[in-house]
Amino acid sequence: MAQVTTKTGQPLDRDIIDSLLKRTGFYMPAFEIYGGEKGLFDYGPPLTALQSNFVDLWRKHFFLREKMLEVDTTIITPEPVFITSGHVAKFADFMSKDPKTGEIFRTDHLIKQVLGARLKADSAARGAIIEVEKPEEPQKKKKIKDVKIEKLDDAVAKEYNETLAKLDNYDGEGFNGLIKKFEIKGPTSGVELDPPKPFNLMFQTYIGPSAATPNGYLRPETAQGQFLNFQKLLEFNKQRMPFASASIGKSFRNEISPRQGLLRVREFLMAEIEHYVDPESGKKHEKFADVKDTKLTLLNRHTQLAGSEKTEVMTVGEAVSKKVIDNETLGYFIVRIQDFLMKLGIDSTKLRFRQHMANEMAHYAADCWDAELFGSYGWIECVGCADRSAYDLTVHMKKTGAPLVVRETLPEPRKFQEYQAELNKKKLGPKFRKDAKAVETAVEELSQEMREKLSLELKNTGKITIDTPNIGSGKTELDKDLLTIEKREVTQHIREYTPNVIEPSFGVGRILYHLIEHSFWTRQNVDSKDAEPSARNVLSFPPLIAPIKVLIVPLSGHADFKPFIRSITAMLDEMDVSNSVDDSSASIGKRYSRNDELGTPFGVTIDFQTVKDKTITLRERDTTKQ
């Protein structure tokens, strides 16, 4: 892994940043006086302000520019919603348990940690300069035993690197195979681990006093609330397509082993967009021509499956034309994500877009890319951008019968032929009774290709068999007295379709942490009276998102300065420019230095020259020019 550096190219020490953030009140462990709880943090004033500025910038960049419809949906969600969406069955990570100590590890993270430690030991044995990994958090037990520094066989080292490059493509069985193959044992006990098991990440809860068992969940994403309101949003948008809804709010995931500070937590802020498109449009975007020449750093799935993490720089236009990125709308939003991160202050050299591999991607997704940011914890997924096809709207519509569709009046009637299936409902009810509805649904869901095949079978044999998962053996036989399938000409005046969805999803906390790392650097305090110049920490946030924009520093507590402090503060307040006053007894340099640690870009010094001619000294944080 490449060495992690500060904004100015110095080696980055995560311990210094963590100490700075805690000392200056950016964040603190939640419930700390009760011993705290892993994966839960409270934001102090600087980080709360930084997050508020992030949200404000995000709204302007996406809501205003793209004319999106903002919604605020509930956190508590009834269980049937997540059963239908697939979250109850599939929203899980794999965990491995040490049978001796009882410790539980997230399987993919454990494999990555062990193989990574072995590769570092190999690099050390070969005489390479490697970065020393800092402990993620103080722990009572040592999670990974010290790895003996020894050279690996070249083929073994290559296999380790290839495995790590495609680790996201494994399932539980695959993880178990890796654990056995590479002889990964309990980190503290050295015993064999139990086979990996899926662990659902959603928090269960009770809705109402009469619930005997949990009947709801805290949402793990904001998306489902948006999908369920699609019809009302379409009406609000005057039936116009395409359009986008968006939501910013808290989500919750019961992480197996929360760690890495603010990166892997159990409660976090998400900002999600659901952009609805006509699937027959080819998912083209009217503004794609404006961004087609934008360059992106891409890591595609084929490169990862080959065991490599080599990125390729190409324009989004080229990526879409070569089908590296599936369609224009997906490509457009990937560019908009990159533009936002650059505006925020993210280092462009520490950003890449990684494509999901097949096993990693949801079965219904057409394509998915993650914006990954590089920092002291390696490459971390911070924004996802997925083509979810029509899955969510379709499953909720089938379950509830709600018309989550677009009805479009055609300029000219459309004539075409299609296979139509009709059930004899007079005979269907008496024969299947309570299962009649399930049979009817199964027939309605038959594709045109399947209807064509079954029509020939029905004609030749007088009966067919269809899949009915919710009835008995899962197969149901229908004869020609119950069902007819014929090819007929249809004249269509109104087209009805289920939109596809492109979804950019932002993990706000993860982005903010990387912004802090990418903005951090130290400068030598050459004015120090010490024998050796001292290092001063600086967070170079762009003024747009800095928690405090202006620091007002009176030379002393002299009474003549107070009217100027009040007038400058009032002027800045009137312009909605955040500011603070430091009138402590510390030196001017010390006061500026401790506000450099908060990322304050400008300083105003009030001195006796101000009293004399109403002039002030303006200081810029990064250059210290006045």
Side-chain angles (χ1 to χ4, degrees), residues 29-31 35-41 82 86-117 133 135-145 163-164 167-180 182 184-205 214 217-221 250-270 356 359-362 370 372 377-382 384 505 507 509-510 513:
F31 320 112
E37 185 64 49
K38 287 183 179 180
L40 297 174
F41 295 95
F82 287 130
H87 284 75
V88 170
K90 298 179 180 179
F91 195 75
D93 284 333
F94 285 93
M95 63 179 184
S96 296
K97 183 177 180 180
D98 186 319
K100 183 176 181 181
T101 66
E103 291 178 289
I104 293 175
F105 308 90
R106 181 167 152 177
T107 308
D108 58 335
H109 288 179
L110 178 63
I111 295 171
K112 186 175 183 179
Q113 195 173 2
V114 171
L115 297 189
E133 181 87 8
E136 291 178 346
E137 294 173 358
Q139 309 226 358
K140 292 181 180 179
K141 291 184 178 180
K142 198 171 185 180
K143 286 290 183 186
I144 296 292
K145 290 182 177 180
T163 300
L164 291 174
L167 195 59
D168 290 325
N169 202 42
Y170 288 90
D171 56 13
E173 187 177 340
F175 285 139
N176 198 37
L178 293 178
I179 288 172
K180 292 182 180 298
F182 298 131
I184 296 173
K185 305 290 177 63
T188 57
S189 68
V191 303
E192 287 192 8
L193 299 165
D194 289 341
K197 294 181 179 179
F199 173 75
N200 194 286
L201 299 177
M202 292 194 295
F203 283 100
Q204 285 188 305
T205 189
Y217 293 91
L218 303 186
R219 67 184 183 193
E221 60 181 23
K250 286 290 185 73
S251 295
F252 305 83
R253 297 181 185 180
N254 195 11
E255 291 287 349
I256 293 169
S257 51
R259 56 185 65 186
Q260 299 179 332
L262 297 175
L263 297 186
R264 192 163 296 283
V265 295
R266 289 175 166 144
E267 176 180 334
F268 52 94
L269 189 68
M270 293 188 78
H356 281 208
N359 197 54
E360 181 186 6
M361 195 162 58
D370 287 339
E372 295 187 333
Y377 291 102
W379 287 102
I380 299 292
E381 167 203 347
C382 292
S505 177
R510 290 185 174 190
Y513 180 79

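What you see below is based on every heavy atom in this structure, not just the backbone, and it leaves out hydrogens, waters and symmetry mates. Just so it is clear, the model here is predicted, and its values are computed rather than measured.
- With hydrogens and angles disregarded, no donor-acceptor distance shorter than 3.5 Å links the side chain of Arg219 to the backbone of Ser251.
- Take Asp168 and apply the side-chain contact (heavy atoms from CB on, under 4.5 Å) test, not counting sequence neighbours, and it matches Arg354, Met357, Glu360.
- You'll find the side chain of Glu192 reaches within 4.5 Å of the side chain of Lys185, heavy atoms only.
- With sequence neighbours excluded, no residue forms a ring pair (Phe, Tyr, Trp, His ring centres under 6.0 Å) with Phe199.
- Glu37 contributes atom CD, which lies 12.0 Å from atom CD of Glu267 (distance to the nearest 0.5 angstrom).
- Scanning all heavy atoms of the two residues, the minimum distance from Pro187 to Phe105 falls at CD-CZ, 3.5 Å.
- Atom CG of residue Asp98 and atom CG of residue Leu110 lie 9.5 Å apart, to the nearest 0.5 angstrom.
- In this structure, His109 and Asp93 have side chains that are not in contact, with every pair of non-hydrogen atoms separated by 4.5 Å or more.
- Of all non-hydrogen atoms in Pro29 and Phe41, the two that sit nearest each other are CA-CD2, 3.9 Å.
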Just list the side-chain donor-acceptor pairs under 3.5 Å for residues 169-179, sequence neighbours left out, or say none.
unit_1: Asn169; atom_1: OD1; unit_2: Asn359; atom_2: N; d: 2.8
unit_1: Asp171; atom_1: OD1; unit_2: Glu173; atom_2: N; d: 3.3
unit_1: Asp171; atom_1: OD1; unit_2: Gly174; atom_2: N; d: 2.8

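- When the salt bridge (charged side-chain N to carboxylate O under 4.0 Å, His left out) test is applied to Glu255, the partners found at least two apart in sequence or on another chain are Arg106, Arg264.
- Two residues are said to be in side-chain contact when any heavy atoms from C-beta on lie closer than 4.5 Å; Tyr513 and Cys382 fail this criterion.
- What you find for Leu193 and Pro99 is that their closest heavy atoms are CA-CD, 4.2 Å.
- Remark: Met95 CE to Asp194 CG distance equals 9.5 Å, nearest 0.5 Å.
- Of all heavy-atom pairs spanning Pro196 and Thr107, the tightest one is CB-OG1, 3.8 Å.
- Side chains of Thr188 and Glu103: a donor-acceptor N/O pair is present below 3.5 angstrom, by distance only.
- Aromatic ring orientation, Phe252 versus Phe203: perpendicular (interplanar angle above 60°, classes split at 30° and 60°).
- Shown here for Arg266 and Leu40, the closest heavy-atom pair between the two residues is CB-CD2, 4.0 Å.
- For Phe91, the ring pair (Phe, Tyr, Trp, His ring centres under 6.0 Å) partners two or more places apart in sequence, or in a different chain, are His87.
- In this view, Pro214 and Gln204, Tyr206 satisfy the side-chain contact (heavy atoms from CB on, under 4.5 Å) rule, not counting sequence neighbours.
- Asn200 and Val88 get closest at one heavy-atom pair: ND2-O, 3.0 Å.
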